[in-house]
Every structure is written in structure tokens, then in C-alpha cells.
Amino acid sequence: MGMMAMGMSSEKNEGAKVIDVIIGTRPEAIKMAPVIQELRSRDEFSARIIATGQHSDMLKQVLDFFSFSADVNLGVMKREQSLDYITSSVLLGVGEILDSDRPDAVLVHGDTTTTFSAALAAFYRRIPIGHVEAGLRSNDITRPFPEEMNRIATDRISSWWFAPTESARDNLIREGIPAGGVHVTGNTVVDALQWTRNIAKTPSEPCMSDLAGGPPFILMTAHRRESWGEPLAGICGALLEILRRHNSYRALVPMHRNPVVRNTMRRILSENPNVILCDPLSYPDFVWALNNCVLILSDSGGVQEEATALSKPVLILRDVTERPEAVERGSGILVGLDAERIINAACKLLGDRAAYAAIVDRCSGNPFGDGRSSARIADVLSAAMG
Ligand code: UD1
Ligand code: UDP
């Protein structure tokens with residue numbers, strides 16, 4: 001994908017195969033944007049964007065950046081929505097769309113409840129499913145929750161599996177998925193990141209203005225369900241302790257919109273003058289922050305991949321990860337949710353230049369892809385559906 005603007009519309013070519021690309025949350029939009037762009041650049045496809053609206057503003061923020069608008073938006077999100085609610089409303093809503101669209105295929109991404117429910121709606125109608133970012137496994141059905149179940153169930157009912165890495169491919173083969181349908185494509189997040197990196201030269205968000213050319217900073221995000229409550233409070237407390245021991249550092253903490261997460265973060269972090277607590281950043285601003293920070297603390301899946309792609313050390317705030325490549329490379333350090341471990345790992349890196357440099361030096365290449373994943377996915381679909 002070159003540097004041309006994204007945002008081509010879904011105008012239909014005569015005889016083109018109709019593909020409904022179903023997205024619901026921020027990471028699905030970021031990682032599917034390059035795929036939509038690639039499909040729309042080929043006359044043989046007509047790619048429609050079906051948004052479930054599991055996320056409202058966080059999804060729109062991404063679509064706006066990439067200049068896409070949803071062809072359909074089910075707008076299911078409500079405050080503190082339950083898993084039952086998302087599962088059932090996406091199943092019913094996407095089912096109705098598929099009944100009227102009758103697409104030749106659907107594409108879903110990753111492991112959210114949108115992914116699983118939308119795939120189920122397609123499966124019930126015998127519409128073939130392409131699963132982008134297939135085969136990731138933490139091998140603990142409770143972590144991340146409910147994502148590990150979502151991706152296993154989605155893989156079970158898909159027809160094409162776009163595995164980002166060899167290890168994701170191996171996971172699928174081990175589970176009996178037919179090898180002929182599994183394609184190692186790289187992760188489309190690298191396509192999105194490469195495209196955005198060239199645009200993200202300076203931050204546009206006012207709260208970040210002091211950071212450009214200013215003090216070194218730590219970037220932190222956390223939102224996982226299994227961290228809600230005490231573990232998240234512990235993570236925030238650990239950040240304060242790291243800043244106390246390294247008082248020339250700032251921390252940039254873009255808060256997920258989930259009120260459960262925000263309440264905890266605000267309660268613990270809002271008084272500290274060295275913490276910049278802000279709303280979710282636009283993708284280019286967040287990429288700028290990834291690129292310019294010293295250290296990342298995150299429980300996010302996508303951030304582990306992006307940090308690795310940018311050779312940036314990331315302390316992974318989880319007990320297990322489905323992205324072993326980040327850890328194998330040495331720049332991803334699995335610290336879990338224990339405050340003491342988080343503090344020790346961060347202070348070791350911030351206080352020991354040699355240890356820090358050794359990690360960054362070891363990073364070469366990118367295990368998550370080369371920026372051509374979307375083209376590979378479109379090639380596979382072209383051969384299979386043409
Ligand atoms: C969801 C996914 C998770 C993914 C994450 C990416 C599920 C079960 N979880 O988690 O896999 O890692 O998205 O961010 O699919 N909210 C807003 N505005 C928004 C978005 C969310 O106000 O734009 C608030 C709402 O109150 C909503 C709550 O956040 O009820 C939780 O959203 P939900 O999609 O249920 O869970 P996430 O934690 O975002
Ligand atoms: N991201 C963003 N703005 C932010 C925080 C994250 O654009 O303020 C991007 C980030 O670059 C990554 C994606 O959102 O591509 C990760 O989404 P999230 O952490 O919500 O979900 P996960 O990857 O854990 O499913």
C-alpha cells in the first residue's frame with residue numbers, strides 16, 4: 001500500500017465479488033483499514049464496511065482518520081454493556097444485514113465479541129468467513145477474557161485463516177484446521193502503522209504539546225477486563241512509584257472510554273502533575289507517542305505488536321500473551337499484574353542505559369510483518385473467489 005490517501009468508497013463494479021468487512025472496535029478498524037483499502041483498489045471486489053458500533057466514538061475516530069465511513073452502522077454500544085448484550089445484538093443485527101446484502105464472503109478480525117458474533121451470523125447463513133489475525137492463542141481460556149474463546153470459536157467456523165505469523169499458523173494446524181486454508185500473511189497492523197508513521201510527524205493533541213522535544217516520557221494504556229478493579233489500581237500505583245523514583249520522567253496515559261477503567265485511573269493518577277491523563281488519542285497521535293516515548297506499559301494486544309515493530313521496549317501488563325514473538329525478541333517483557341514486578345522491570349530499564357540499549361540493539365526485522373499483509377490477503381481471496 002502506497003502513500004495515497006485511504007478512504008475509497010464502496011462503489012460496486014458489475015460482477016465484482018461482494019465482501020462485507022465487519023468491524024466493531026478501535027483495533028478492528030485500525031487493522032482492517034488497510035485491507036478495505038486494498039480490496040477497494042481492485043475492481044474484482046466490492047468491499048462494504050459493516051460497523052456493529054460495539055465502540056462508538058473510538059471507532060469513528062479511526063474511520064475518520066483513514067477517511068472511511070461505514071456503509072452500515074448498527075450502533076449497538078451502550079454504557080457498561082454486558083457481553084450477553086453485545087453478543088446477542090451483534091448476532092441479530094449482522095444477521096439482518098447479511099440477509100439483505102447476501103455477500104459472497106465476510107471478513108472479520110481478531111477476537112472481540114463483534115468478531116465472534118458476526119462470524120456466527122455468517123456461519124448460520126453458510127457465508128464463507130475470512131478470519132484476519134487468525135490463530136493467536138494464549139492457551140488459557142480465561143485470559144484474555146473473553147477474547148481467547150472468541151478467536152478459537154471464530155477459527156472453528158472460518159473458511160480462510162489469515163495467520164499473522166508462523167506460530168499462529170502452527171496453532172491452527174495443531175487444532176486440525178486444514179493447512180490449505182491457512183495463509184501466513186503478516187499482521188495488517190504493520191501496514192496501518194507504516195502508512196500512519198509517515199503522517200504522524202508532530203502531535204496534534206494539545207495535552208501532548210509539552211512532550212514534543214520535551215522531557216522523556218512513559219506511555220501507558222490498560223483496559224483488559226481481567227485487570228478491572230484491584231489489578232488496575234495496582235498498575236496505576238506502580239506507575240506513580242516509577243515516576244517517584246525517576247522524577248525527570250512524565251507519563252502519558254490515554255484512557256480507554258470504558259468508565260470502569262477511567263474511574264480507577266482518574267482516582268489514582270489525576271493528582272500527579274507528571275501524569276498526563278487524556279482521552280483516547282487519534283491513531284497518528286498515538287503512533288507519534290509510541291515512536292517518541294522511552295518505555296511502554298500496556299495490556300493491549302495491538303500495542304505489543306506496534307511496540308515490537310518500532311523496536312520499543314514494552315512491559316506487558318498480563319500474565320500470558322498470545323503474541324510470543326514480542327517476548328522472544330526481548331523487547332516485550334511479560335511482567336504480569338504484580339506492582340512490585342512492574343516497578344522493578346521499569347526501573348531496571350530506566351536506570352540502566354546498557355540494559356536498555358542491549359534490548360533495542362537485539363531488535364532487528366519485524367516478526368509481525370512487512371507492511372504487505374493486506375495485499376497477501378486480497379491475493380488469497382482473489383484466487384479463492386475469482
Ligand atoms: C473491547 C473488546 C476487547 C478489545 C477492546 C479494544 C470485547 C468483549 N472486548 O473491549 O477485546 O481489546 O474492545 O479497545 O469484545 N465505550 C465508550 N465509547 C467507545 C468505546 C467504549 O463509551 O467508543 C465504553 C462504553 O461504556 C462501553 C464500554 O466502554 O460499554 C466497554 O466497551 P466494550 O466494547 O464492551 O469493551 P472494551 O473494554 O472496549
Ligand atoms: N490506540 C489509539 N489511541 C489510543 C490508544 C491506542 O489509536 O489512545 C491504538 C493502538 O495504536 C493500537 C490499538 O489502538 O493500534 C489498540 O487498541 P486497544 O488497546 O483498544 O485494543 P487491543 O489491541 O488490546 O484489542
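Read the numbers this way: they start at 1 and go in the same order the structure lists the ligands and their atoms.
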Ignoring angles and geometry beyond distance, decide whether His256 reaches within less than 3.5 Å of ligand 1 through its nitrogen or oxygen atoms. yes
Does the Thr154 side chain pair with the main chain of Arg151, one donor and one acceptor, at a distance under 3.5 Å? no
Atom 18 (N) of ligand 1 has as its nearest protein heavy atom Asp57 OD1, 3.0 Å
Heavy-atom distances under 4.0 Å are what count here, so tell me which part of Leu281 touches ligand 2: side chain, backbone, both or neither. both
Residue and atom name of the nearest protein heavy atom (relative to atom 10 (O) of ligand 1), distance in Å to one decimal: His55 NE2, 4.2 Å
Check for me whether Lys78 has a heavy atom closer than 4.0 Å to any atom of ligand 1. yes
Would you mind listing which atoms of ligand 2 come within a distance below 4.0 Å of any non-hydrogen atom of Pro280? 8 (O)
Are there more than 12 heavy atoms of other residues, nucleotides or ligands under 6.0 Å from atom OH of Tyr85? yes
min-distance protein heavy atom vs atom 15 (O) of ligand 2 -> Glu306 OE2, 2.6 Å
Looking at atom 11 (O) of ligand 1, what's its closest protein heavy atom, distance included? Glu147 OE2, 2.5 Å
Can you tell me if His223 and Asn258 form a side-chain donor-acceptor pair at under 3.5 Å? no
Any idea which protein heavy atom is nearest atom 33 (P) of ligand 1, and the distance to it? Gln81 NE2, 3.3 Å
Indicate whether any N or O donor in one side chain lies under 3.5 Å from an N or O acceptor in the other, for Thr185 and Ser373. no
Does an N or O anywhere in Met77 fall below 3.5 Å from an N or O of ligand 1? no
Where ligand 2 meets His223 - atom numbers and elements under 4.0 angstrom, heavy-atom basis: 18 (P), 19 (O), 20 (O), 21 (O), 22 (P), 24 (O)
